[in-house]
J.: 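Can you read through this structure? Questions will come right after.
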Amino acid sequence: MMPGFSYLRPNSVKEAISGLSQSNAKIHAGGTDLLGCLRDQVFSADMIVSISGLTELKGIRETPGGDVRIGALTSIAGISESRTIRERYPALAQAAAEVASPQLRNQGTIGGNICQRPRCWYFRGDFPCLKKGGDMCYAISGENQYHVVFAGGPCYAVHPSDTAVALAAVQAQVIIAGAAGNRTVKIDSFFVGPDTAVDKENVLAPGELLTEIVVPPAPPKTRSSYRKIRSRGAWDFALVSVACMLQLDGTTVTGAKIYLGGVAPHPWHAEKAEKALIGKKLDAATAAAAGLAAADGANPMSDNGYKVEMLKGAVEESILAFA
Ligand SMILES: Cc1cc2nc3c(=O)[nH]c(=O)nc-3n(C[C@H](O)[C@H](O)[C@H](O)COP(=O)(O)OP(=O)(O)OC[C@H]3O[C@@H](n4cnc5c(N)ncnc54)[C@H](O)[C@@H]3O)c2cc1C
């Protein structure tokens, strides 16, 4: 049974911010994650602010400066199908195409996708875990095959969004609106780990919402891709995913951005893999070295050691595909 709440359908971002200033207010975009969480009492809301009618937050546009600006309410399908995104940021188009099912990609928004709550079965289930104000993470001694291998503790849930991993690789920024005005945050700094704040996954403060994502022009001679490994061929979250953006001069790698999904509480920056690539010839030995470097520092739990081997292979394959 869905608990009761007040409901506001604002006509502007300003009105939305005003509604969000009320105690325990939550944003409703496509509702594909929010409504399930409320129904299952993963968290509660006293006020729902439904921004889904704010047309100013929909759409993809190229600016004269070369940035691409994506409204937070743009559907995930709209991103995967956008010619601009497919041509300029293949990793992002591919990640969007890998999200969930066609219905969810049509209804779900990019803002909701990167702000969705983790899928840990203890958090989503009937367990008073740390994220719900409890005093323990049940994954530590429980079923942890889908949990983190990097940056774990005190909570060990992985970040669930495919598009967030690709947005990190293409160096996106997000625009956050609040009562004090707008602020721009690099996507790397948007997400926070459980060691910083265990009850949330990003820097959004009460009363704030994400309005836009800004993707800068990719450097010349850049190629990008998103590769996702999941348990089954239907809708499923990533066991491991890799978003790569490589800059090439002939066969030499001159720049690299590599982020991993399914392995950490936020898109994981595989900096050591980037270092293993830059200045090297793009060949099988370099790709294997990057895979190995990506796994450096992994600290698997009792049941998820397979992710370490998986991420090595996923990085290696992703790099080799550019050769
Ligand atoms: C069966 C199933 C399978 C799925 N598989 C995948 C998958 O493979 N990969 C993947 O990435 N995702 C997957 N998802 C998650 C799905 O993509 C998200 O539910 C969807 O993207 C959320 O978008 P929404 O617009 O519906 O968000 P909502 O449900 O409306 O909101 C989600 C959360 O984000 C907050 N929020 C929404 N918009 C904003 C905003 N503009 N500013 C601040 N906060 C905001 C809400 O308050 C809420 O907490 C799956 C979901 C389901 C149900």
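Note: hydrogens, waters and symmetry copies are ignored here, and every other heavy atom, side chains too, is used. When a ligand or atom number is given, it counts from 1 through the structure's own listing order.
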J.: When you compare ligand 1 with G30, is there at least one nitrogen or oxygen pair between them that comes in under 3.5 angstrom?
T.: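 For ligand 1, there is an N or O atom that lies under 3.5 Å from one belonging to G30.
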
J.: Can you check whether D162 has an N/O within less than 3.5 Å of an N/O in ligand 1?
T.: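 Between D162 and ligand 1, an N or O pair is found under 3.5 Å apart.
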
J.: Minimum distance, heavy atoms only, to atom 46 (C) of ligand 1: which one of T32, I27, V49, I76 is it?
T.: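 Going through T32, I27, V49, I76 one by one, I27 has the nearest heavy atom to atom 46 (C) of ligand 1.
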
J.: For atom 2 (C) of ligand 1, what's the nearest protein heavy atom and its distance?
T.: L104 CD1, 3.4 Å

J.: May I ask you to check if ligand 1 and S161 share an N or O to N or O distance below 3.5 Å?
T.: no

J.: Measure the distance from atom 42 (N) of ligand 1 to every protein heavy atom, then report the residue, atom name and distance (to 0.1 Å) of the closest one.
T.: L210 N, 2.9 Å

J.: With the threshold set at under 4.0 angstrom, would you say R119 reaches ligand 1 through any of its heavy atoms?
T.: yes

J.: Report the C-alpha separation of S241 and Y226 in whole Å, then their side-chain angles, then the decisive distance to 0.1 Å, and conclude whether the side chain to side chain donor-acceptor pair (under 3.5 Å) test is met.
T.: CA-CA 7 Å; S241 69; Y226 184 75; 2.9 Å; yes

J.: Would you say that more than 12 heavy atoms from the other residues, nucleotides or ligands in this model lie under 6.0 Å from the CZ of R69, or not?
T.: yes

J.: Out of curiosity, is L35 lining ligand 1, as in a heavy atom under 4.0 Å away?
T.: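 Contact check L35 vs ligand 1: negative.
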
J.: Distance to 0.1 Å, residue and atom name: give those for the protein heavy atom nearest to atom 13 (C) of ligand 1.
T.: F237 CE2, 3.2 Å

J.: Do other residues, nucleotides or ligands put more than 12 heavy atoms under 6.0 Å from the NZ atom of K132?
T.: yes

J.: May I ask you to identify the nearest protein heavy atom to atom 33 (C) of ligand 1, giving residue, atom name and distance to one decimal place in Å?
T.: C115 O, 3.6 Å

J.: Quick check: does G111 get an N/O under 3.5 Å from an N/O on ligand 1?
T.: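 Between G111 and ligand 1, no N or O pair is found under 3.5 Å apart.
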
J.: Any pair with a residue in residues 37-48 that passes salt bridge (charged side-chain N to carboxylate O under 4.0 Å, His left out), sequence neighbours left out, goes on the list, sorted by first then second residue, please.
T.: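 Pairs touching residues 37-48 that pass the test: none.
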
J.: If you measure every N or O of L34 against every N or O of ligand 1, does any of those distances drop under 3.5 Å?
T.: yes

J.: Check whether any heavy atom of E208 sits under 4.0 Å from an atom of ligand 1.
T.: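 Distance cut 4.0 Å: E208 fails for ligand 1.
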
J.: Considering the options V315, T252, V253, which one meets the side-chain contact (heavy atoms from CB on, under 4.5 Å) requirement together with L277?
T.: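 With L277 as partner, V315, T252, V253 yield a single side-chain contact (heavy atoms from CB on, under 4.5 Å), made by V253.
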
J.: Any idea which protein heavy atom is nearest atom 7 (C) of ligand 1, and the distance to it?
T.: A100 N, 3.3 Å

J.: Identify the protein heavy atom lying closest to atom 12 (N) of ligand 1, giving its residue, its atom name and the separation to 0.1 Å.
T.: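 So the nearest neighbour among protein heavy atoms is Q116 NE2, 3.2 Å.
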
J.: Which one of H28, R119, Q116 satisfies the side chain to side chain donor-acceptor pair (under 3.5 Å) criterion with D33?
T.: R119

J.: Ignoring angles and geometry beyond distance, decide whether F43 reaches within less than 3.5 Å of ligand 1 through its nitrogen or oxygen atoms.
T.: no

J.: Counting each atom of ligand 1 from 1 as listed, which ones have a heavy atom of D236 under 4.0 Å away?
T.: 8 (O)

J.: Give the numbers and elements of all ligand 1 atoms closer than 4.0 Å to a heavy atom of T109.
T.: 21 (O), 23 (O), 24 (P), 25 (O)

J.: Numbering the atoms of ligand 1 from 1, which are under 4.0 Å from a heavy atom of A29?
T.: 25 (O), 30 (O), 37 (C), 38 (N)

J.: Say whether N113, considering both its backbone and side-chain N or O atoms, lies within less than 3.5 Å of an N or O atom on ligand 1.
T.: yes

J.: Examine H28 against ligand 1 and note whether any of their N/O atoms are separated by less than 3.5 Å.
T.: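 There is no such contact.
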
J.: Side chain or backbone of L57 under 4.0 Å from ligand 1, or both, or neither, by non-hydrogen atoms?
T.: neither

J.: Quick test of your reading of the structure: of G108, A164, A72, G112, whose heavy atom lies closest to atom 37 (C) of ligand 1?
T.: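 Heavy atom nearest to atom 37 (C) of ligand 1 belongs to G112.
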
